[in-house]
Protein chains: 2
Amino acid sequence: MLSNHLQNGMETAKLLWSRLPTSDAEGQDGVGIGHYKKTDGGTVESLDYEVIENYAYREEQALRGKLYMYYSVCVKWFFALLIGIGTGFAAVFINISVENFAGWKYSLTFNIIQKSYFAGCIIYILFNLALVLSSVYIITHFAPAAAGSGIPEIKGYLNGIDTHGILLFRTLVGKIFGSIGSVGGGLALGKEGPLVHTGACIASLLGQGGSTKYHLSSRWLQVFNSERDRRDLVTCGCAAGVAAAFRAPVGGVLFALEEVTSWWRSQLMWRVFFTSAIVAVVVRTAMGWCKSGKCGHFGSGGFIIWDVSDGQEDYSFMELLPMAVIGVIGGLLGALFNQLTLYITNWRRNYLHKKGNHIKFYCSSKMEYNDLATIFFNTQDDAIRNLFSAKTIHEFSAQSLLTFLVMFYALAVVTFGTAVPAGQFVPGIMIGSTYGRLVGMFVVSFYKRLNIEEGTYALLGAASFLGGSMRMTVSLCVIMVEITNNLKLLPLIMLVLLISKAVGDAFNEGFYEEQARIRGIPLLESRPKYQMRSMTAKDACANQKVVYFPRVVKVSDIVSILRSNMHNGFPVIDHTRNGETLVIGLMLRSHLLVLLQSKVDFQHSPLPCDLRGGSLPIRHNLSEFVKPVSSKGISLEDIHLSRDDLEMYIDLAPFVNPSPYIVPEDMSLSKVYNLFRQLGLRHIFVVPRASRVIGMITRKDLLIEEHEHSGAVELQSTSVRGQKHDKRIRKRNTDGEQPLLDGLLV
Amino acid sequence: MLSNHLQNGMETAKLLWSRLPTSDAEGQDGVGIGHYKKTDGGTVESLDYEVIENYAYREEQALRGKLYMYYSVCVKWFFALLIGIGTGFAAVFINISVENFAGWKYSLTFNIIQKSYFAGCIIYILFNLALVLSSVYIITHFAPAAAGSGIPEIKGYLNGIDTHGILLFRTLVGKIFGSIGSVGGGLALGKEGPLVHTGACIASLLGQGGSTKYHLSSRWLQVFNSERDRRDLVTCGCAAGVAAAFRAPVGGVLFALEEVTSWWRSQLMWRVFFTSAIVAVVVRTAMGWCKSGKCGHFGSGGFIIWDVSDGQEDYSFMELLPMAVIGVIGGLLGALFNQLTLYITNWRRNYLHKKGNHIKFYCSSKMEYNDLATIFFNTQDDAIRNLFSAKTIHEFSAQSLLTFLVMFYALAVVTFGTAVPAGQFVPGIMIGSTYGRLVGMFVVSFYKRLNIEEGTYALLGAASFLGGSMRMTVSLCVIMVEITNNLKLLPLIMLVLLISKAVGDAFNEGFYEEQARIRGIPLLESRPKYQMRSMTAKDACANQKVVYFPRVVKVSDIVSILRSNMHNGFPVIDHTRNGETLVIGLMLRSHLLVLLQSKVDFQHSPLPCDLRGGSLPIRHNLSEFVKPVSSKGISLEDIHLSRDDLEMYIDLAPFVNPSPYIVPEDMSLSKVYNLFRQLGLRHIFVVPRASRVIGMITRKDLLIEEHEHSGAVELQSTSVRGQKHDKRIRKRNTDGEQPLLDGLLV
């Protein structure tokens, strides 16, 4: 019924596409589709990373041109600066608050304990309890997404899975104040994970131009239309968090690179590095300011720096064996820790499910903290400093260390997964340095004459436990070196990490991966699964019914199709002159919903719009198509369409992504996986084998000199480029290419 | 003429493909095509990175199975160990040799100079001249590929461009001994670049199982059939080189990551890290051994470590301005250095061209060193140590520093590109620390009261010059911290690097990129060019005539096609039952040459082989298809075919890569670029728009649980997998998907 007009429409549309520049965010189309059922009843949502690459977007880009690109680069760097400053100040604020709370607590307890030992204990317990409960209250009533470490969720976000609410302004506030309560209250946890989350929140809020809900947004900051830019900012935020937590700027960059991101571009590294440097400067400045006593009586800005630079200068070959043993212990205890926290999280969830008590997220009941709060670990930093200390042989007895190890290990396992912001670095360092020191004591008493420092062994133990639990390598190594300020131990730390990671890997996955999995965040690993080798792309979507849209579609059809399935992307097809179908692009559900809501593109005629008015109209502001981080986007139920509306048509051609990635049906699935993962895609079309090859692109074809086409404008006319190509082609032809086999093929 | 049989043959072949597991190296098909004309007349060759993914390979993989995979992982780690040990020993050997030569030289000169000043000078000059000329002789007569830094070539190799001869055994030997001569002879260059090259050579030789030419190969080591594995090994080698040169293992990892590789996988990082750790241990052990005097009288194992740990502890805000000035100076001088070396290299080339004196590679005439050799810089390490030294205010006068700066800068520029192995780090550090110290002296005299160390400024100057010239960021920062062993200056180094890189980027590209370009190594940058946005895939290969092969092809046709063009890949097409053409895969020139040479697949009948004998025969050992690094591969002229041979046929189906990457014709070229670059491809087929979509692959389809299919064998039968898919499909269908628009579309 439409076929007479469609043929012309298609031609016009193709012409238009070929004339238009495309988006600058081609690489990452984003990842994921649909809603994933979380094991605890919640859902995590895949991110709408699909780049808006339709007609309207490209038109806007073309209007803005190269100058706009420079502007957006400047804004990116400015945002990197702001993230650094913001995260640095957040870290300083948390640290000063914790230190001041701890100071008040100790001075109060000390005053009372001199009168009555029992009253002092009570006061101490009550003080800690108040802090911890305030943290629990903030989390459960105000910002449930701020519970826990946050790193698995951020990792998921950067892998393409959006856990709802993790990057909101309220989560940021909850995380900061919750951390103060939980760390100040002396729980067996640290503030590193929360700081990473804090950095990511700040970055994300900047990326969307402020918090819309709290009217803190600014119009001129909303320059980031692609999810890729936001993801880059969040990566900067993660690095800033680590840099602030450990005062380890290089470690922060490496952490973001190794542990958090799924995609990495070398351009990004430079910006991440800048953010980390800013954090380091901010923190250093604040500490200098605190030294003059302006941060309150007790606030000296206690950042994690355990200087062991006066430790062991040298090591002998005989020591490598006990050090390897530390590595093995670290791997075993770390893997056990991962497994136990997994069980604990599972058990909590089941227990709560049975009671029917659906507190949001993975938080347990409030009263569970009473006993924990009675254990005081507020001197964690000091304890670690003592454990690492060099010239203090036999400062600790083996028995007390062993008791401490068992108790603290159990506490760290139990505390994990409770409704407070929790970092796993400091507890890990505590556990590791305890058994490390134990081994060191053994070595000292075994090789009597050697110049062995137990503190060095404690440091290696800490590295081994973190390696065995988190399975980070380079970043952890650099962080350990940066926080201990001792480069000479680097090869030893490397050795221990190698062993502990290898041992841990034999048992289970890394801590963050395990936690992400139990939270229902389906991370795409960097490697395809083994069985994918024997599968093809067709197998992966075998017999899956593809729902098409025609180019011009009735509104009522759109509604019924959207209602009938949960797909997030639909191929749009059109007819050629000779009646064959042709896939003209990919239409996203979210963009369809925007079109339905705005109604401006509705038309009475079932003809393509370019047949009626000449050029394609642009009635949309690009930002309409971008889903804000803080909302769930438009739902079909929110859109009200009259009966007249339903009878109208929409021409989808200006809104499709005209060239989604395609793979032939019998491509190996692991090859498809790599394509999907490495380019960060969200949809791949599986198409039949081609009947012919139009051309082959090789390195030669992609080596275009910039100066050949210094102006960007004339490029859009094919005639200019034509000449250049002709030359190249003539050369190829004169090479003596003969249509030798053409006869054979017909 | 063949069409009645082809239809069945195609069906059988498709069936076979679908049953077979595919290679484990799907991601990187390799990069590049053809030969690139070098500006000085030589050629660089693109690497044959195309993964062998044809029938024979997959069959072999299937036979070997999962156990083989574990074996190959073990071999990879063992090789990483060997690379670390090898590079470590090479570095130790070079260092000890240089130190001993320097020692003999000084003791001899000192002895003679006490008798006659003039005779001493002559002896000193002659000694240096002998060393430098021996290095020149080695390079020009034995290993021309060992000249220069080697880093641009290695960078090119990892980007997919093979400069002939850079990874040979003779190059390795030439590099090691050439470095000893050039560094020992006191030229204004260092041994870091050469060590990176050395590490890469060791890695590459291990990867191909030893040197075939010198009969040092071992059969059981030849397990790496894909270029990707070799590239990974070379990456390890680069990291090992940096780790050995600076005793900076983390810096080495980062250098490999940031500067050298074009592709990076997180799995690789871990192995690179291991290699670096091994190097650190080897170097440390050797140095410990040398301390006992066993390395000759003068060999104390002088590795680059300039300890400034007793330097400036703190810095004030007022100092940030002079530090920023250092950054700017570094950016300017670095960019100027890049430009001048570029001119020098160009000038040398033109000059030599005019004289018609074609010495291989970019080496100049021998006599050019006489005047250089008269300048003695053998105490470079000591000079740097002095420049960095902390408690030595006013040790140098401003005039002497300025004179030294100008002279050394000129010398470094002139020396660059001569026919000796040359590193640019040490000269860069020399230049940078000189003007850094100058600025430091100015600051000291300006802010009189502050606790300012000139040594700190010298260090920052060194960082700024390297940043301005090489444009590395994170890796350079870590290397600077590791060689100076002072973590406290990290934020300052970061700041200076940020500024100097930004300033330098305003003028030209980084040193290695510029050098790679002038050597005719066409690196694919990480970003697509701006004008690619307005081009489509079709534009890139516009009107380019594609040369097809039919499935069964006459030998004489193959020969004439191969002779008629320089293409490296050819689409193979077949006919379906209804006579339509169908692209069945990509055939590589190199594989065709192997087939022609071996002749075992020649057949008399023009029918597909599976129609005649049932299953496809495997007559080839996989290793036949792998081009050794050290040879240029088979050339068509080497193959002798009789008249009978030419009349025979080959069925190409078992040898094609059945699923090369495809892009639709109107995909934006920058999108294609990202695909090509990020997956490291070599050929992309540009195909017409698809007429239909078989399915859409989304994240959900790629989240297959490992344990669902723990055994690998049963996966190959489609019936087993069928059931699982059916379940999924049924679920999808019950979602209520309606074929609503099917009527519209027909």
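As the structure is a computational prediction, the values presented were derived from the model and not from experiment. Proteins get letters first, then strands, A, B, ... in listed order; numbering begins at 1 in each.
Neither the backbone nor the side chain of A/L495 comes within less than 4.5 Å of any heavy atom in chain B. A/L254 touches chain B through its side chain: at least one heavy atom from C-beta onward sits under 4.5 Å away, while N, CA, C and O do not. A/V693 touches chain B through backbone and side chain together, each having a heavy atom under 4.5 Å away.
Across all non-hydrogen atoms, the minimal contact from B/K538 to A/I694 is CG-CG2, 4.3 Å. Minimum interatomic distance between B/G569 and A/M696 (heavy atoms only, all atoms of both residues): O-CE, 3.0 Å.
When each of B/V663, B/V478, B/L675 is scored by its heavy-atom pairs under 4.5 Å with chain A, the top score falls to B/L675. With chain B as the partner, the residue from A/V474, A/T285, A/V250, A/L497 showing the most heavy-atom pairs under 4.5 Å is A/V474. Between chain A and the residues B/L498, B/I493, B/V687, the most heavy-atom pairs under 4.5 angstrom are made by B/L498.
B/F570 is linked by a ring pair (Phe, Tyr, Trp, His ring centres under 6.0 Å) to B/F549, counting only residues two or more places apart in sequence or in another chain. With sequence neighbours left out, B/F273 forms a ring pair (Phe, Tyr, Trp, His ring centres under 6.0 Å) with B/W270.
Ion pair A/R689/A/D666 flagged as a salt bridge, since at least one NZ, NE, NH1 or NH2 atom sits closer than 4.0 Å to an Asp/Glu carboxylate oxygen.
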